[in-house]
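To start, the structure itself, in structure tokens.
Letters A, B, ... mirror the listed sequences (proteins, then strands); counts begin at 1.
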2 protein chains.
Amino acid sequence: MKVLNKETDYAVRALISLGMKADGWVSAKAISEEQAIPYQFLRRILQELIRNGLVESKEGAGGGVRLGKIPAEIGVAEVIEIFQGKVQLSECMFRKQLCSNRANCVLRHEIMRIEKMVNNEFSQITIGKLIDDLKAVEAMKG
Amino acid sequence: MKVLNKETDYAVRALISLGMKADGWVSAKAISEEQAIPYQFLRRILQELIRNGLVESKEGAGGGVRLGKIPAEIGVAEVIEIFQGKVQLSECMFRKQLCSNRANCVLRHEIMRIEKMVNNEFSQITIGKLIDDLKAVEAMKG
DNA sequence: ATTACTGATACCAATTTAGTATCAGTTCAT
DNA sequence: ATGAACTGATACTAAATTGGTATCAGTAAT
Ligand code: FES
Ligand code: FES
């Protein structure tokens, strides 16, 4: 059961990469090479991030992309939602069958409780946090 | 982002259905009709559950299936693992790139922490619990 | 024997995933 | 003003996965 697909994975890595760099525009090519992400695939992913405001871009020579928000305000949940849609465990399990009163089905509540918990957990992990972690790792390596 | 696929979904529903019935063998056909699950698909799913000990079977006329464990001891996590494999967020995000010391990468720890949390949450939801919930729902309908 | 079951396994169409390719437009440097 | 270095938009593709179907063989109750 793979939770994150390649798009989300690459997107997070690209965002971290951008966040770790000093200001200025970074080209898709540069990120692609640094992170070993297929160029065209990454371009499509970046465009999607741009459309959603997580990244800003500048066209033309010397252009490129940069974060559109501060790293601490980009949660992985947001990235997941862009590429994989809202976290959803399953449709309701017993539909018409057993629960005619969908509105207050306990089972449904249970499922939604977990959905929220997962979502919340993914929101807590921000790009900023991941960057801090990585920097800690690097510091240890010295 | 759909977390549970149809196999897991149907499997859980079949298990609940079995758990709510008094003892005795129940045919795949009966479950298929009761839960509106495609017969052949359900059969394959049941066979897999049997191989994994969650369900027992008896061949021949008058045969069928029944739970192989008590409902309270079947966690949804177990079912997920059978049909979708262990919960895994993503491969490690920065592989050779940034974290040469995989062993104690903080990022990796973070990811594994969430994996465990999700897994734990799914373990807490047992078939027994779901059945109790459903019974509560039915009682309310009275 | 016949009927009602499971065991095992092969097959299939539709969708999703991961990746590629192309062309048009923008900006910078010379 | 031209070429190189970029992004924007979008179409295309191969491979894997998903959800579902079909078949044949074997077992047990009547
Ligand atoms: S499981 Fe869907 S309403 Fe109860
Ligand atoms: S992200 Fe994989 S070792 Fe750090």
Looking at [Y] and [X], is any side-chain nitrogen of the basic one under 4.0 Å from a carboxylate oxygen of the acidic one?
| X | Y | value |
| --- | --- | --- |
| A:K21 | A:E34 | yes |
| B:K69 | B:E56 | no |
| A:E115 | A:K86 | no |
| B:E33 | B:K29 | yes |

For A:G63 and for A:Y39, locate the closest nucleotide of DNA chain C by heavy-atom distance; then report the residue assigned to the nucleotide nearer the 5' terminus.
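By nearest-heavy-atom nucleotide position, the 5'-most residue is A:Y39.
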Any donor-acceptor N or O pair under 3.5 Å, side chains A:N5, A:T8
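Looking only at side-chain atoms, A:T8 and A:N5 do form a donor-acceptor pair, the distance falling under 3.5 Å.
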The side chain of A:A61 lies closest to which of these nucleotides: C:dT6, D:dA4, D:dT7?
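In terms of side-chain proximity for A:A61, the closest of C:dT6, D:dA4, D:dT7 is D:dA4.
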Please state how far atom [atom1] in [X] lies from atom [atom2] in [N], giving the value in whole angstrom units.
| X | N | atom1 | atom2 | value |
| --- | --- | --- | --- | --- |
| B:Q84 | D:dA16 | CD | C1' | 16 Å |
| A:Q40 | C:dT20 | CD | P | 8 Å |
| A:W25 | C:dC28 | CH2 | P | 11 Å |
| A:I31 | D:dC6 | CD1 | C1' | 13 Å |
| A:L49 | D:dA9 | CG | P | 14 Å |
| A:R43 | C:dA24 | CZ | P | 15 Å |
| A:Q47 | D:dA11 | CD | P | 13 Å |
| A:I50 | D:dC6 | CD1 | P | 14 Å |

Are any of [X]'s side-chain N or O atoms less than 4.0 Å away from OP1 or OP2 of [N]?
| X | N | answer |
| --- | --- | --- |
| B:K58 | D:dA29 | yes |
| B:K2 | D:dG19 | yes |
| B:Y10 | D:dG20 | yes |

Hey, which of these two, A:G62 or A:S57, hits DNA chain D nearer its 5' end, going by closest nucleotide?
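Here A:G62 is the residue nearer the 5' end.
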Ignoring hydrogens and angles, does a donor from either the side chain of B:R44 or the base of D:dT21 sit under 3.5 Å from an acceptor on the other?
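Check passes, donor-acceptor contact within cut-off.
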